[in-house]
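Just below is one structure, and these are the notes that go with it.
What you see below is based on every heavy atom in this structure, not just the backbone, and it leaves out hydrogens, waters and symmetry mates.
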Amino acid sequence: MFHLLQSSGRDGKTNIPAKGLSGEGYEGHYFWDTEMYMIPFFNNNSPNVSRKLLEYRFGILDKSRQRALQMGYKKGALYAWRTINGDECSAYYPAGTAQYHINADIAFSIKKYMEVTEDKEFLIQFGAEMLFETARFWIQLGGFVERKGNKFCINCVTGPNEYTAMVNNNCYTNLMAKENLKYTYEVAVWMKDSYLEVYKDLSKKINLEENELFLWKRAADQMFIPYDEKLKIYMQDDSFLNKEVWDFKNTPKENYPLLVHYHPLTIYKYQVCKQADTVLAEFLLNHKFSKEQKKRDYDYYEAITTHDSSLSMCIFSIMANEVGYHKKAYNYFMKTARMDLDNIQGNTKDGIHAANMAGTWMGIVNGFAGMRTHDGVLSFTPYLPDKWEAYSFKVNYKNRTINVNVNKTGVEYKLLYGANILIIDSGNKIELTK
């Protein structure tokens with residue numbers, strides 16, 4: 001928490017480098033690490049910092065519009081994968097620019113920030129414009145493909161798994177783009193109903209046409225999500241299951257991480273995951289998948305994931321808790337928590353792994369305590385690891401502060417600040433009062 005708090009920009013013009021302020025790895029650049037790993041921490045601890053980090057993204061929106069034009073798209077914005085001032089700094093486009101999901105990650109972060117804070121002023125002043133411009137980009141990047149049943153497909157992309165690049169219909173990307181489009185449509189309708197003049201001014205500013213809203217909704221409703229009926233799993237992309245599985249048995253331990261020892265074109269030929277991809281989508285969009293589905297997908301993708309990225313083990317810990325693999329959850333969590341203490345990735349000399357540190361917090365709060373939010377309701381499914389006596393934490397949610405304490409006798413929720421609130425504990429509704 002210290003590293004995250006002391007590394008974060010608070011002026012709306014700076015963000016959080018992937019290595020915090022601790023080293024020169026990645027030259028101080030910002031990635032999706034901020035939105036998908038670190039802002040969740042700030043949302044529940046210092047939401048004012050979350051707002052400033054998102055304001056930074058608004059500050060580089062014009063550069064992102066220029067990036068979209070450079071890529072041949074006349075409307076919308078494409079955020080840089082790796083940047084400080086908004087310009088793309090990634091030299092290797094298959095693992096950089098092709099990770100278009102950065103747009104959806106930022107949009108998702110806006111949505112989660114709004115769920116926690118209900119900060120309408122932010123949405124009107126900053127968030128809506130970012131949402132509209134990212135949604136416009138998806139409409140141009142993808143298209144309705146007849147051979148796929150006229151479903152909306154997004155081709156030639158790279159998902160979070162950078163060991164599988166330039167594929168069609170990456171499951172994570174399509175799921176998150178769908179969420180981006182759906183939420184943007186909802187925000188546009190809300191603005192028209194509640195702040196019509198503001199909506200008109202924004203539409204005029206960015207030349208938004210009314211039919212674009214219906215395209216957002218249609219694309220979201222018709223989004224193609226790859227699924228294998230035989231294995232009953234979500235496919236990482238259209239072609240992933242058509243590849244051989246990487247020969248893990250005959251890969252020496254010293255040859256990890258793979259990207260340091262093998263050419264990308266060699267790695268791209270195989271079923272192998274650098275980090276959580278489909279599993280990450282099922283954590284973020286948790287309510288959309290059954291527990292049985294999550295378990296099948298977890299089992300399949302865990303077996304072929306190397307965790308060569310520091311962003312991976314925290315997600316596998318969280319989802320292991322959800323599907324009932326508590327021993328695995330604990331082991332993944334301890335590797336997450338000790339990553340820089342033990343130099344597990346072998347590169348702590350270049351700086352700490354800031355997103356992994358946020359992932360440690362998530363491992364307790366979203367993992368062992370099972371915290372989720374859906375439809376404006378906060379829920380928990382607490383579990384206490386055998387080796388622990390207790391754990392506790394505080395979360396901010398909708399202008400309330402709640403203390404959660406889990407020990408060997410049970411769980412205690414205490415409302416420290418704010419109005420009464422209804423939460424859910426292991427499926428049971430509880431009203432917290434002061």
For side chain to side chain contact (heavy atoms under 4.5 Å, CB included), just list the numbers for Trp361 and Met38, CA-CA rounded to whole Å, side-chain angles, deciding distance to a tenth of an Å, and then say yes or no. CA-CA 10 Å; Trp361 179 87; Met38 294 185 264; over 6 Å; no
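- The aromatic rings of Trp32 and His101 sit perpendicular, their planes meeting at an angle over 60°, well past the 30° parallel limit.
- Classification of the Tyr391-Trp388 ring pair by plane angle, with boundaries at 30° and 60°, yields perpendicular.
- Cation-pi check for Arg67 over Tyr73 is not met; the charged atom does not lie both under 6.0 angstrom from the ring centroid and within 45 degrees of its normal.
- Of the N and O atoms on the side chains of Gln99 and Glu162, at least one donor lies less than 3.5 Å from an acceptor on the other residue.
- With salt bridges taken as basic N to acidic carboxylate O contacts below 4.0 Å, one links Lys111 and Glu179.
- Asp105 and Tyr172 are linked by a side-chain donor-acceptor pair at a separation below 3.5 angstrom, with hydrogens and angles left out of the test.
- Taking a cutoff of 4.0 Å between a charged side-chain nitrogen and a carboxylate oxygen, Lys182 and Glu186 qualify as a salt bridge.
- Checking side-chain atoms of Thr117 against main-chain N and O of Tyr113 turns up a donor-acceptor pair under 3.5 Å.
- No side-chain donor-acceptor contact under 3.5 Å links Gln275 to the backbone of His307.
- Between Lys295 and Glu302, no side-chain nitrogen of the basic residue sits less than 4.0 Å from a carboxylate oxygen of the acidic one, so the salt-bridge criterion is not met.
- Checking side-chain atoms of Ser309 against main-chain N and O of Leu311 turns up a donor-acceptor pair under 3.5 Å.
- A donor-acceptor contact shorter than 3.5 Å links the side chain of Thr134 to the backbone of Leu131.
- Salt-bridge formation is detected for the pair Glu121/Arg51: a Lys NZ or Arg NE/NH1/NH2 atom is positioned less than 4.0 Å from an Asp or Glu carboxylate oxygen.
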Would you tabulate the side-chain donor-acceptor contacts of residues 377-387 under 3.5 Å, counting partners in other chains and residues two or more places apart, or write 'none'?
unit_1 : atom_1 : unit_2 : atom_2 : d
Ser379 : OG     : Arg372 : O      : 3.4

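- Salt-bridge annotation for Asp62 and Arg65: present, with a side-chain N of the basic residue lying under 4.0 Å from a carboxylate O of the acidic one.
- Although no hydrogens or angles enter the test, the distance criterion places a donor-acceptor pair under 3.5 Å between the side chain of Ser317 and the main chain of Ala329.
- Within 6.0 Å of CD on Glu244 lie no more than 12 heavy atoms contributed by other residues, nucleotides or ligands.
- Using a distance-only test at 3.5 Å, with no hydrogens or angles considered, a donor-acceptor pair links the side chain of Tyr301 to the main chain of Gln236.
- Using a distance-only test at 3.5 Å, with no hydrogens or angles considered, a donor-acceptor pair links the side chain of Gln293 to the main chain of Lys232.
- In terms of modelled atom types and a separation under 3.5 Å, the side chain of Asn168 and the main chain of Cys156 share a donor-acceptor contact.
- Between Glu282 and Lys291, no side-chain nitrogen of the basic residue sits less than 4.0 Å from a carboxylate oxygen of the acidic one, so the salt-bridge criterion is not met.
- Here the two rings, on Tyr298 and Phe316, have centers that are under 6.0 Å apart.
- The pair Asp11-Lys52 does not count as a salt bridge, with every side-chain nitrogen at least 4.0 angstrom from each carboxylate oxygen.
- Cation-pi check for Lys217 over Phe214 is not met; the charged atom does not lie both under 6.0 angstrom from the ring centroid and within 45 degrees of its normal.
- With hydrogens and angles ignored, the 3.5 Å screen pairs a side-chain donor or acceptor of Asn103 with a backbone N or O of Tyr79.
- For the pair Lys398 and Glu118, the salt-bridge criterion is met [side-chain N within less than 4.0 Å of a carboxylate O].
- Checked by atom type and distance alone, the side chain of Asn343 pairs as donor or acceptor with a backbone atom of Asn347 at under 3.5 Å.
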